[in-house]
Amino acid sequence: MKYLIALLLVSTILAAIPTKVINCMTDPKIVFTEATFSVTPAKGVDETITLYGTANDHVELANVQLKAKWNGIDSFEDNYPEDEVYDKGDPVTYQMTQNFPTYTPSGKIVVQMWFQNAKGTNFACAEVGFII
């Protein structure tokens with residue numbers, strides 16, 4: 001039983017695949033320092049992107065606008081309503097799960113997640129890229 005529990009813990013820890021995150025706006029109110037994928041990005045697979053950062057100011061998250069580019073061409077945009085409040089110094093963890101259908105063309109995908117308040121004003125942005 002101990003070995004089974006240890007194996008489950010190790011597989012859970014190793015499941016997160018680190019990737020580079022870029023803060024894609026100047027003077028963000030949340031600075032993202034790390035990002036992980038739940039699995040290697042692939043077509044037809046649910047992929048969870050997790051962002052880790054710190055709030056630089058009090059912010060009220062009402063929406064995350066996702067913008068995706070395929071080989072540099074705008075290809076997808078959607079909104080994800082949220083209801084989170086962060087104060088200065090708070091750790092921020094944000095997860096988003098997407099599925100790239102099997103008919104998605106192969107190539108480089110760059111995803112920007114724009115964090116917005118209730119007025120639609122952007123206060124943070126994180127960018128991750130990968131190849132499928």
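Small disclaimer: the values here were computed from a predicted structure and weren't measured.
Annotation: Asp27, atom CG; neighbour count of heavy atoms from other residues, nucleotides and ligands within 6.0 Å does not exceed 12. Counted within 6.0 Å of NZ on Lys43, heavy atoms from surrounding residues, nucleotides or ligands total more than 12; the atom is thus considered enclosed. More than 12 heavy atoms of other residues, nucleotides or ligands lie within 6.0 Å of CG in Asp87, so this atom counts as buried by the packing criterion.
The shortest side-chain heavy-atom distance between Tyr52 and Val21 does not fall under the 4.5 Å cut-off. For the pair Ile132 and Ile109, the minimum side-chain heavy-atom distance is below 4.5 Å. Put simply, the side chain of Glu127 reaches to within 4.5 Å of the side chain of Val110, judged on heavy atoms.
Nearest heavy atoms, Val92 versus Ala55: CG2-N, 3.9 Å. Among all heavy-atom pairs drawn from Leu51 and Ala35, the shortest one is CD2-CB, 3.8 Å. In this structure, Pro28 and Ala124 approach most closely via the heavy-atom pair CB-CA, 4.1 Å. The nearest pair of heavy atoms linking Ser106 to Trp70 is O-NE1, 3.0 Å. Closest heavy-atom contact between Val59 and Lys29: CG1-CB, 3.4 Å.
Hydrophobic clustering places Met113 together with Phe100 (ILVMFWY residues linked when any side-chain heavy atoms are closer than 4.5 Å, directly or through intermediates).
With hydrogens and angles disregarded, a donor-acceptor distance shorter than 3.5 Å links the side chain of Asn71 to the backbone of Lys108.
For an aromatic pair to be called close, the ring centres must be under 6.0 Å apart, and Tyr86 with Phe123 fails this.
Classification of the Tyr94-Phe115 ring pair by plane angle, with boundaries at 30° and 60°, yields perpendicular.
Side chain to side chain, Gln112 and Trp114 meet the donor-acceptor criterion of an N or O pair below 3.5 Å.
Atom CD in Glu47 sits 10.0 Å away from atom CD in Gln98 (nearest 0.5 Å).
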